[in-house]
Amino acid sequence: MSVDADLLLDWFADTARDLPWRRPECTAWGVLVSEIMLQQTPVARVEPIWHEWLARWPLPSDMARASQGEVLRAWGKLGYPRRALRLHAAAGAIAEHHGDVVPADVDTLLALPGIGAYTARAVAAFAYGRRCPVVDTNVRRVVARAVHGAGDAGPPSTTRDLADVEAILPAEQSVAARYSAALMELGALVCTARSPRCADCPVFADCAWQRAGRPAYAGPAKAVQRFAGTDRQVRGLLLDVLRDTSEPVFKAKLDIVWPDGGQRERCLHSLLVDGLVEQTGDGRFALPGEH
DNA sequence: GAACCGTGGAT
DNA sequence: TATCCAAGGTT
């Protein structure tokens, strides 16, 4: 059982969104920036920031010359700001060690900060046309349904997930990358998590899940992450204060964003440890590298 | 493998 | 209103 390449690619040619990082003129650096930004953040929120970043920092070396604080400020509220710091570090490594050219080799990409199993292969495939399995949450869900006949993907296992997709990836290098992009697009637009639009699906007739009568997901319950009241929320509030000021702030300014002093201290400390916040000589706090 | 790391729109 | 979920990575 697999996902028919002709049906999928025809559908993709007709239906795919016109996203800027998919255009032929987009550089590998543009692809890398998009992949980092898209980690756990929806396309609609990424797109405007991506345009700003590529206009401001068209090359890795351009970004490497910016301060961490500038990059964090430009990241805005995309979330998980450690991604911005890691991308900045990756830009520095690419400028220093790779001639200002984003590597095309999966293992070389994996060695860069913030680039894991998904992003390394996404860059190799989408920026350089390499034939390698690209497995994100959309692909996992499409494969679980269309190939395995399950209601949803089970817990992730990089080794198994990569093997699953390798098994259905077209052999020709020239079509493999488009096939991966099409699988992702199918998961994003049609084979969605909540209400799949099976009536619009190009591979409906071959879908193992549909043929099995669309049984409900039978695997272990997925852990839902809380947000309200967590350190994640408090760190976000603290960082928001620093993003909004050009000058370092006194601690009193940070104390007002959250009532629980113990949690506040813990979060501020972890932000310092993570390098997302810096303390100035006079004891004030700021984004890193700007003072 | 599990916990942790932001944010906001959709349902 | 509460929950779900979005092109993951690191520890």
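Remember, predicted model here, so these are calculated numbers, not experimental data. Lettering of chains follows the sequences in order, A, B, ..., and the numbering in each one begins at 1.
Across all strands, A:Leu239 comes closer than 4.0 Å to no nucleic acid atom at all (heavy-atom distances). Residue contacts shown for A:Asp231 are limited to sugar-phosphate atoms, with no base heavy atom under 4.0 Å away. Here A:Thr119 lies in heavy-atom contact (under 4.0 Å) with sugar-phosphate atoms only. Heavy atoms of A:Arg160 sit nowhere under 4.0 angstrom from any nucleic acid atom. Within 4.0 Å of A:Gln225, counting heavy atoms only, lies at least one base atom of the nucleic acid. Within the 4.0 angstrom heavy-atom criterion, base atoms lie near A:Gly79. Nucleic acid contact for A:Ala117: sugar-phosphate only, since backbone atoms but no base atoms lie under 4.0 Å from a heavy atom of the residue. Note on A:Ser270: nothing from the nucleic acid sits closer than 4.0 angstrom, heavy atoms only. Within 4.0 Å (heavy atoms only), A:Trp21 reaches at least one base atom of the nucleic acid. Note on A:Pro155: nothing from the nucleic acid sits closer than 4.0 angstrom, heavy atoms only. Across all strands shown, A:Arg45 has heavy atoms under 4.0 Å from base atoms, whether or not it also approaches the sugar-phosphate.
Here chain A contacts DNA chain C (any atom closer than 4.0 Å to a heavy atom, that is under 4.0 Å), and the contacts span C:dC4 to C:dT10 from 5' to 3'. If you walk DNA chain B from 5' to 3' and mark each nucleotide with an atom closer than 4.0 Å to a heavy atom of chain A, the marks span B:dG1 to B:dT11.
Summarising the geometry, atom CZ belonging to A:Arg266 is positioned 7.5 Å from atom CG belonging to A:Asp260; distances are rounded to the nearest 0.5 Å. With values rounded to the nearest 0.5 angstrom, A:Ile36 atom CD1 is found 14.0 Å from A:His88 atom NE2.
If you check residues 184-202 of chain A against DNA chain C, the residues with a heavy atom closer than 4.0 Å are A:Met184, A:Ala188, A:Ala193, A:Arg194, listed by number. Of the residues in residues 7-20 of chain A, those with a non-hydrogen atom less than 4.0 angstrom from any atom of DNA chain C are A:Arg17, A:Leu19.
Looking at which nucleotide of DNA chain B each of A:Gly236 and A:Ala223 is closest to, the 5′-most match is held by A:Ala223. Across the interface with DNA chain C, nearest-nucleotide mapping of A:Leu38 and A:Leu112 shows A:Leu38 to be the residue nearer the 5′ end. Where A:Thr158 and A:Pro42 meet DNA chain B, the nucleotide closest to each residue was compared, and A:Thr158 sits on the side nearer the 5' end.
Here A:Trp50 pairs with A:Trp21 under the ring pair (Phe, Tyr, Trp, His ring centres under 6.0 Å) rule; sequence neighbours left out. In this view, A:Asp274 and A:Arg235 satisfy the side-chain hydrogen bond (donor to acceptor under 3.5 Å, both in side chains) rule, not counting sequence neighbours. For A:Trp53, the ring pair (Phe, Tyr, Trp, His ring centres under 6.0 Å) partners are A:Trp57, A:Trp75, not counting sequence neighbours. For A:Arg140, the side-chain hydrogen bond (donor to acceptor under 3.5 Å, both in side chains) partners two or more places apart in sequence, or in a different chain, are A:Asp161. For A:Arg141, the side-chain hydrogen bond (donor to acceptor under 3.5 Å, both in side chains) partners two or more places apart in sequence, or in a different chain, are A:Asn138.
Comparing the P positions of C:dA7 and B:dC5 gives an interatomic distance of 22 Å, to the nearest angstrom.
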Listed pairs under 3.5 Å, donor-acceptor, residues 183-191 of chain A side chains, sequence neighbours left out:
unit_1: A:Glu185; atom_1: OE1; unit_2: A:Arg17; atom_2: NE; d: 3.4
unit_1: A:Glu185; atom_1: OE1; unit_2: A:Arg17; atom_2: NH2; d: 2.8
unit_1: A:Glu185; atom_1: OE1; unit_2: A:Arg22; atom_2: NH1; d: 3.4
unit_1: A:Glu185; atom_1: OE1; unit_2: A:Arg22; atom_2: NH2; d: 2.6
unit_1: A:Glu185; atom_1: OE2; unit_2: A:Arg17; atom_2: N; d: 2.9
unit_1: A:Glu185; atom_1: OE2; unit_2: A:Arg17; atom_2: NE; d: 2.9
unit_1: A:Glu185; atom_1: OE2; unit_2: A:Arg22; atom_2: NH1; d: 3.2

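Taking 4.5 Å as the limit, every side-chain heavy atom of A:Val123 sits out of range of all side-chain heavy atoms of A:Val106. Residues A:Met37 and A:Glu47 are not in side-chain contact: their nearest non-hydrogen atoms beyond the backbone lie 4.5 Å or more apart.
Ion pairing between a basic and an acidic side chain is recognised when a charged N comes within 4.0 Å of a carboxylate O; A:Arg56 and A:Glu70 show such pairing.
Sorted by first then second residue, the ring-ring contact (aromatic ring centres under 6.0 Å, His included) pairs that include residues 168-195 of chain A, not counting sequence neighbours, number zero.
No hydrogens or angles considered: nothing links the side chains of A:Arg121 and A:Ser180 as a donor-acceptor pair under 3.5 Å.
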Pair A:Tyr118-A:Gln39, side-chain hydrogen bond (donor to acceptor under 3.5 Å, both in side chains): steps then yes or no: CA-CA 10 Å; A:Tyr118 162 75; A:Gln39 291 169 1; over 6 Å; no
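Taking Ile, Leu, Val, Met, Phe, Trp and Tyr as members and joining any whose side-chain heavy atoms lie under 4.5 Å apart, directly or through other members, the hydrophobic cluster of A:Leu237 also contains A:Leu72, A:Leu85, A:Val234, A:Leu238, A:Leu239, A:Val241, A:Leu242, A:Val249, A:Leu254, A:Ile256, A:Val257, A:Trp258, A:Leu268, A:Leu271, A:Leu272, A:Leu276, A:Val277, A:Phe285, A:Leu287.
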